[in-house]
Student: 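Structure incoming, see below.
Any value given below was found using the heavy atoms of this structure, including those in side chains, with hydrogens, waters and symmetry copies removed.
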Amino acid sequence: MPEWLKNAVFYEIYPQSFKDSNGDGIGDFNGITMELDYIKSLGCNALWINPCFDSPFHDAGYDVRDYKKAAPRYGTNEDLYHLFEEAHRRGIHVLLDLVPGHTSEEHEWFKESGKAEKNEYSGRYIWTDFWIRGTKNHPYIAGECERGGAYMLNFFKCQPALNYGFLHPEEDWQMPIDAPDCMATRDAMVDVCKFWLGHGADGFRVDMAGSLCKDDDEKQTGTCAIWKYILGKVREDYPESAFVSEWNNPMISLNGAGFDMDFYLDFPGNGYNSLARDYENHNAGSGEDRSFFRAGEGGDILRFLEDYLPKYEATKEQGYFCFLTCNHDTPRVSATLTPREEKIYNAMILTMPGVPFVYYGDEIGMRYIKDLPTKEGGYIRTGTRTPMQWNHSNNLGFSDGKAEDLYLHLDPASDAPTAEDALNDPDSLLCSVKTLNALRGENRDLQADGPFETVYAAKEKTPFVYRRGRFVISVNPEKKEEKVDLTGRLADARKLTKIYEIGSSDCAEGILTAGPQSFVIFRIG
C-alpha cells in the first residue's frame with residue numbers, strides 16, 4: 001500500500017464544473033491547474049478527477065471512446081500532463097477515473113468487435129452467438145451491428161460490457177475468465193493504467209469495480225482474480241500507485257481484490273446513509289428522515305456503527321474504508337442539513353479512520369439544486385454537479401463566458417455561498433475544514449491508519465464519543481446539552497485538554513458536557 005495514503009486528504013473534482021479557463025462555459029484542465037493553490041490551502045494533498053478521457057459524454061465521460069486521449073473539451077494530453085507536474089510541485093497526488101467494465105459504443109474496440117468478420121477485437125466484448133439470443137440476467141442490445149449476435153450492456157445503453165469472462169460458463173458463447181480474449185482485455189486495462197502512470201498520474205479511482213466477471217459468486221471470486229492480476233502487473237512498475245474502488249464492500253475489495261481503498265457509498269439503508277441521507281431509506285415515500293445529523297429527528301448512531309464497525313475491523317490491516325463528504329452520484333447534504341449540521345457532519349468525516357474525500361464545493365456549503373433537467377445522464381444527480389462558486393463576479397467566478405453557455409446553471413440564490421466569502425469568514429465551514437485537515441496532517445493518530453475505538457454510543461442518544469489514539473472526539477448534533485460520565489469508559493478521562501471545538505463543550509473530572517450542536521476534539525494529557 002502506498003505510504004503517501006496515510007496522510008492523504010482527497011479533493012474530488014468534477015472537471016466540467018470546477019473552473020473554466022477559456023470562457024466556453026465548461027471547466028477544463030487549465031482551470032484546475034489555476035486553482036491548485038486553493039486546493040492546497042484547504043489541506044487537501046490529493047485529487048480525484050472524474051472521467052476526463054475522450055467521450056461522446058452520454059454518461060458524463062463514463063462512456064469512454066479513447067482511454068489514452070484526453071477529452072478535447074477539457075484540453076489536450078499535454079495540458080493534463082502539465083496539471084500532474086504542477087500538482088506534484090505542490091505535493092499533491094492525482095488520481096484519474098478509470099472505467100474498466102465498459103466503453104462507449106463509439107470506441108474503436110467496439111466498432112471492430114461488431115464487425116461480421118472475425119478480428120483481434122471480436123472477443124473484447126460479450127456477444128451471444130445468435131441475433132435473437134439475449135444475455136440471461138443481463139441487459140443487452142441486438143440489431144445494431146453487422147455481427148449476428150446480441151451484446152451485453154454494463155449499465156446505460158451506450159455502454160457495452162467489456163469481456164472479462166464468466167466464472168462458470170453455461171453457454172457456448174460464454175468464456176471462462178482465463179480465456180485468451182478475456183486475458184487480452186485484462187492486459188489492455190493494464191496498458192491503459194501504465195500509460196497514464198507513465199505520464200505522471202498517481203493512480204485511479206475505479207468505476208463499478210465489482211462488475212468485471214459476469215455471473216460471479218457471492219464472494220466475487222472471478223472479479224477478485226481479475227483485479228489481482230491487473231493490480232499486480234501495474235504495481236510491478238508503479239509500486240506507489242494507488243487504487244480506490246467504487247465497491248462499498250471492503251471485505252471483498254480490500255481483502256479479496258487487493259485495492260488500497262474502498263468507498264463507503266451512499267446505499268440506502270447502510271451505515272453511511274443513516275448519517276445524513278436517511279430520507280433515501282425504505283420509508284422515503286413517507287418523508288421520514290431520521291438521519292443522525294438532523295437535530296430533533298431521533299437519529300441513532302448505532303445504525304451507523306453496527307454496519308461500519310464489522311467492515312472496519314475486518315479490513316483495517318489490508319487497506320482503508322474511506323468516507324466521502326459527498327460525490328457526483330450523491331445528493332449534497334445541504335439538501336436536508338442546516339449549515340451548522342453540515343459543519344458537524346464534515347468534522348466527523350474528516351476525523352474518522354481511512355482516507356477522507358471532500359467533494360468540490362462541500363467545503364463552502366454549496367447547495368443541492370433540485371429539479372434541474374438531466375445533463376449527460378445525471379438525472380437526480382444533476383443538482384450535485386453544478387459549477388463551483390468562487391466569488392461574486394460574472395458567473396460566480398466559474399467562467400468568463402456567457403451564462404447561457406455554462407455546463408449547468410449556477411445556484412440562483414442571492415446568498416449563494418462562495419469560496420471568497422468563506423475564506424473571509426473565520427467561522428465558516430471552509431475554515432473548519434482547513435483547521436481539521438491541518439490537525440490531521442500534524443498528528444499520526446488522526447490519519448488513515450490511526451487507531452479507532454468507540455468510547456460512548458447509545459441507542460437514539462447523543463453524544464457519540466470516539467477515540468483516535470491520544471485524541472477523544474465528541475459529536476452532538478442535537479440542540480440540547482448532553483452529559484456523559486467517561487470515567488468508567490476511558491482510563492484518562494480526567495486528563496482531557498480541549499484543542500478544537502464547534503459550539504461549546506467541556507470535560508471536567510471525567511464528566512463530558514457536550515453543548516448543543518457541538519463537535520470537540522480533546523487531547524489526552
Student: Can you check whether A209's main-chain N or O pairs, donor with acceptor, with W227's side chain at less than 3.5 Å?
Tutor: yes
Student: Is it true that R468 and D445 make a salt bridge, defined as a side-chain N closer than 4.0 Å to a carboxylate O?
Tutor: no
Student: Please check if the distance between the ring centroids of F304 and F292 is under 6.0 Å.
Tutor: no
Student: With under 30° as parallel and over 60° as perpendicular, where do the rings of Y500 and F519 fit, or are they tilted in between?
Tutor: perpendicular
Student: Hey, which of Y359, F357, W247 is the one that makes ring pair (Phe, Tyr, Trp, His ring centres under 6.0 Å) with F263?
Tutor: F357
Student: Is the backbone N or O of F398 less than 3.5 Å from a side-chain atom of D20, with the two atoms forming a donor-acceptor pair by type?
Tutor: no
Student: How long is the span from the OH atom in Y368 to the OG1 atom in T336, to the nearest 0.5 Å?
Tutor: 11.0 Å
Student: For residues P339 and L429, determine if any side-chain heavy atom of one lies less than 4.5 Å from a side-chain heavy atom of the other.
Tutor: no
Student: Tell me yes or no: between the side chains of E12 and H328, is some donor less than 3.5 Å from an acceptor?
Tutor: yes
Student: Any side-chain heavy atom of L496 sitting closer than 4.5 Å to one from L490?
Tutor: yes
Student: Testing F53, F204, Y67 for ring pair (Phe, Tyr, Trp, His ring centres under 6.0 Å) with W196, which one passes?
Tutor: F53
Student: With heavy-atom distances below 4.5 Å as the criterion, would you say the side chains of M366 and Q389 are in contact?
Tutor: yes
Student: For Y14 and R385, which I'm curious about, is there any donor-acceptor pair between the side chains at under 3.5 Å?
Tutor: yes
Student: Roughly how far, to the nearest 0.5 Å, is the CG atom of L80 from the SG atom of C52?
Tutor: 5.0 Å
Student: Measure the shortest side-chain to side-chain distance between I369 and R367 over non-hydrogen atoms and say whether it is less than 4.5 angstrom.
Tutor: yes
Student: What are the two closest non-hydrogen atoms of R290 and R303, and how far apart are they?
Tutor: O-NH1, 3.8 Å
Student: Between Y345 and T325, is any side-chain donor less than 3.5 angstrom from a side-chain acceptor?
Tutor: no
Student: With K343, which residues qualify under salt bridge (Lys or Arg N to Asp or Glu O under 4.0 Å), at least two apart?
Tutor: D427
Student: Ignoring hydrogens and geometry beyond distance, is a side-chain donor-acceptor pair present between S245 and D262 at under 3.5 Å?
Tutor: yes
Student: Using only heavy-atom distances, determine whether the side chains of S518 and S505 contain a donor-acceptor pair under 3.5 Å.
Tutor: yes
Student: With a 4.0 Å cut-off, would you call E86 and R90 a salt bridge?
Tutor: yes
Student: Could you walk me through whether L512 and F522 pass the side chain to side chain contact (heavy atoms under 4.5 Å, CB included) check?
Tutor: CA-CA 11 Å; L512 170 65; F522 297 100; 3.6 Å; yes
Student: Checking salt bridge (charged side-chain N to carboxylate O under 4.0 Å, His left out) between R332 and each of D411, D266, D362, which is the one that passes?
Tutor: D362
Student: Taking the side chain from Q447 and the backbone from G441, do they hold a donor-acceptor pair closer than 3.5 Å?
Tutor: yes
Student: Locate the shortest heavy-atom distance separating C326 from Y272; write the atom from each residue and the value.
Tutor: N-OH, 4.0 Å
Student: Do N154 and H102 get their side chains close enough for a donor-acceptor pair, meaning under 3.5 Å?
Tutor: yes
Student: What about the rings of W390 and F18, do their centers lie closer together than 6.0 Å?
Tutor: yes
Student: Are Y466 and T351 close enough that a side-chain donor and a side-chain acceptor fall under 3.5 Å?
Tutor: yes
Student: Consider only side-chain N and O atoms of D97 and Y62, and report whether a donor and an acceptor are under 3.5 Å apart.
Tutor: yes
Student: What's the spacing between N50 CG and I13 CD1 if we round to 0.5 Å?
Tutor: 9.0 Å
Student: Sequence neighbours left out, cut at 3.5 Å: what donor-acceptor pairs do the side chains of residues 313-324 make with other protein atoms?
Tutor:
residue: E313; atom: OE1; partner: K316; partner atom: NZ; Å: 3.0
residue: T315; atom: OG1; partner: K311; partner atom: O; Å: 2.6

Student: Please check if atom CD1 in I380 has more than 12 non-hydrogen atoms from other residues, nucleotides or ligands closer than 6.0 Å.
Tutor: no
Student: Determine whether N476 and T462 satisfy the following criterion, side chain to side chain donor-acceptor pair (under 3.5 Å), listing intermediate values before the conclusion.
Tutor: CA-CA 6 Å; N476 179 22; T462 59; 2.8 Å; yes
Student: Does either side chain, that of Y360 or that of E35, offer a donor lying less than 3.5 Å from an acceptor on the other one?
Tutor: no
Student: Nearest 0.5 Å, what's the CG-CG distance between L265 and N273?
Tutor: 11.0 Å
